[in-house]
Amino acid sequence: MTAATPAPDLAIESRGLTKRFGEQIAVNEIDLAVPRGAVFGFLGPNGSGKTTSIRMLLGLTQASSGQISVLGQSMPDSLHAVLPRVGALVEGPAFYPFLSGAANLRRLDTADRNAPSSTRGARVEQALARVGLTHAAGKKVAAYSLGMKQRLGIANALLQPRELLVLDEPTNGLDPQGTREVRSLVRSLAAEGTTVFVSSHLLAEVEQMCTHAAVMSGGNLVAQGTLADLRHVGQTRVRVRTPDAAAAAAVLTGLGLAPVHSDVPEQDPWVAAPLPREMSVDLTGQPESIVTALVAGGVRVRGFLIEESSLEERFVALTGEGFDVLQ
Amino acid sequence: MSSNSVASSKVSGNGVPSRRRSAGPALLGSELTVLFRRRRTWAMLVAIALIPILLAVAVRLSSETLAPGEGPPFLDRVTQNGLFVAFTAMIVAIPLFLPLTIGVVAGDTIAGEAGQGTLRYLLVAPAGRLRLLLVKYAGVAVFCLAATLTLAVAGTLIGAALFPVGPVTLLSGDVISVPESLLRSGLISLYVTVSLLGFAAIGLFISTLTDVPVGAMAATVVVSVVVQILDVLPQLSWLDPWLFSHYWLGFADLLRQPMDLGSFGDNVLLQLGYIAVFGTLAYGRFSTKDILS
């Protein structure tokens, strides 16, 4: 296959990546394409195969089948060349509870034989400062809160300048303030040219910091692209609030739309209609024209709204709404 | 900054000093730091030191003198020469207590990191699976040495404190000076350390099989007990020379003049065999293991 040579502009690329645990397929033939420089959101409900995929990308587990290339080199064959350029937070932070935060970072830094020992102290200090843990550097990790451990985990990923950061649920356990800090940290890293691969089950988080996203559901990759692309797949709709629902629907039908109405008794009824893609240009360009048509048709308009479909609707449409874990 | 990361990705380390592979011993240093900063390690070493201390105090406090050959080997000589405390304590500790502590350390090597979750971070650093295994094994070996030296030093000190110290009469009847007997103590510590290395390799292998450190520790200790039972069954005497515990009490050969190093040579070969077999098994298991913890 000639396409096997990875495109040079992809930080992570996988083809047909599959992981089976016995009978169960945890990850089913996913083709990830993470462009360099992107902040890539890896979305999916719990148990959808995100962490398993990340473990394969980092060479922690072996893929049952499929190819992976990270930073242009195939994994896990080139693991020793690739991983020093990758910072990672995988499935929550993990540290030696009887060592201080700084001692933990020094310990993990020695594990990378490329990490220069001469700058170790300075790099540890810098990483701790970057996540706001300077004051707790000498405290034993056993005394850290979950949020502090999470920050320390991120600091560990930042011990060296990295080309790629893989952050698995980086805001887990953080308070709103910490979540905001992580978001701005990710943005500043991205501004420095680092590719950031963030997994999350929180859509709002991805929506706020990512340029690209992929959605996992039940081990399958169900959508992938820029955030704008993903939003765009969903439809733009008009919503009209009116007591004359039937008349409004008739007018909208006359305009070539397909209205649906909802009558919740105690509210004013809504009439909603998706704007077809090809029409949406002139209609969304001049949505007033719909109002004009409605008014001309004798419809009392109490409210009028153009709704971009939110990523959330798209996410729910892709992954299902229930609490049931698929796998 | 962006120009920085672009440059490093293109040059890919060419000429960048940070890319030199110089930090080989750093991981071992860090491993030993982690090992000896644990309270558990010190608790075990203190417990080991208590063996000769209890033994010496008990002998000192009891009024009756032992007839020659009564009690554990050398115990009858302790009252005449305190230097024998260390030798007696060694014999008392080897069958159970030393294997117990080494089982804890060896069983914890990989399983402990896995159970704690730090294994995944060491491996994505990347530590390298073979390198990590070697460093872990070296850590256990250092602990073996620390344990036997603790026994020897604590035994010598308490013996000197409670009993007269003088030239030592060896098993062969020759008499050696006090400094030379201290040297022999050191050699015995080394002999015992070497004797335990095969067992330590088994512990390392067992540790790669599970993510539950307590399980690996218990299994390792059970192995040492089972093997020692096999060692005393007369029906299995043909098996004896192949058991890793066979030379555990063979250090008495160092208390002869001249020293009999024949058993030591056999012991080294036997231990190397165990290290080769179980080291290979450990690598075979660990190099392909899915790290799911």
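In the text below, chain A, chain B and the rest are named by the order of the sequence lines, each starting its count at 1. No experiment lies behind these values; they were computed from the predicted model shown.
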Review point. Under a 4.5 Å heavy-atom cut-off, does chain B meet the side chain of A:A103, its backbone, both or neither?
Key: side chain

Check your understanding: Do B:T101 and B:L45 have side chains that get closer than 4.5 Å, going by heavy atoms?
Key -> no

Exercise for review: Take B:F199 and B:Y274 through the ring pair (Phe, Tyr, Trp, His ring centres under 6.0 Å) test and state the conclusion after the steps.
Suggested key: CA-CA 8 Å; B:F199 171 59; B:Y274 272 94; 9.9 Å; no

Point to revise | Contact class of A:L159 relative to chain B, heavy atoms under 4.5 angstrom | key: neither

Review point. Would A:N114 and A:Q160 count as having a side-chain donor-acceptor pair, cut-off 3.5 Å?
Key: no

Exercise for review: Using a strict 4.0 Å threshold on nitrogen-to-oxygen distance, state whether A:E181 and A:R151 make a salt bridge.
Suggested key: yes

Check your understanding: Would you call A:R123 and A:E125 a salt bridge, taking side-chain N to carboxylate O under 4.0 Å as the test?
Key -> no

Check your understanding: So, B:T148 and B:T193: side-chain donor and acceptor under 3.5 Å apart, yes or no?
Key -> yes

Check your understanding: So which of A:G37, A:G87, A:P93, A:A81 has the largest heavy-atom pair count under 4.5 angstrom toward chain B?
Key -> A:P93

Revision key, fill the gap. So, the part of A:N156 with a heavy atom under 4.5 Å from chain B: the answer is side chain

Point to revise | Proximal component of B:L119, with respect to chain A [non-hydrogen, under 4.5 Å] | key: neither

Review point. So which bits of residues 31-41 of chain B come within less than 4.5 Å of chain A, counting non-hydrogen atoms only?
Key: B:E31, B:V34, B:R37, B:R38, B:R39

Check your understanding: Which of the residues B:G128, B:S30, B:G112, B:G117 is involved in the greatest number of heavy-atom pairs with chain A at under 4.5 angstrom?
Key -> B:S30

**Study point:** Minimum heavy-atom distance A:S78-A:M75, with the two atoms named
**Key:** C-SD, 4.3 Å

Exercise for review: Can you tell which part of A:R107 gets under 4.5 Å to a heavy atom of chain B, answering side chain, backbone, both or neither?
Suggested key: both

Review point. If you count heavy-atom pairs under 4.5 Å with chain B, which of A:D109, A:T119, A:L99 comes out on top?
Key: A:L99

Check your understanding: Looking only at heavy atoms, which two atoms of A:L128 and A:A137 are closest? And how far apart?
Key -> CD1-CB, 3.6 Å

Review point. Which heavy atom of A:I30 sits nearest a heavy atom of A:G219, and at what distance?
Key: CG2-O, 3.7 Å

Point to revise | Top contributor to chain B contacts, counting heavy-atom pairs under 4.5 Å, from A:G153, A:A94, A:A88 | key: A:A94

Check your understanding: Got a salt bridge between A:D168 and A:R55, using NZ or NE/NH1/NH2 to carboxylate O under 4.0 Å?
Key -> no

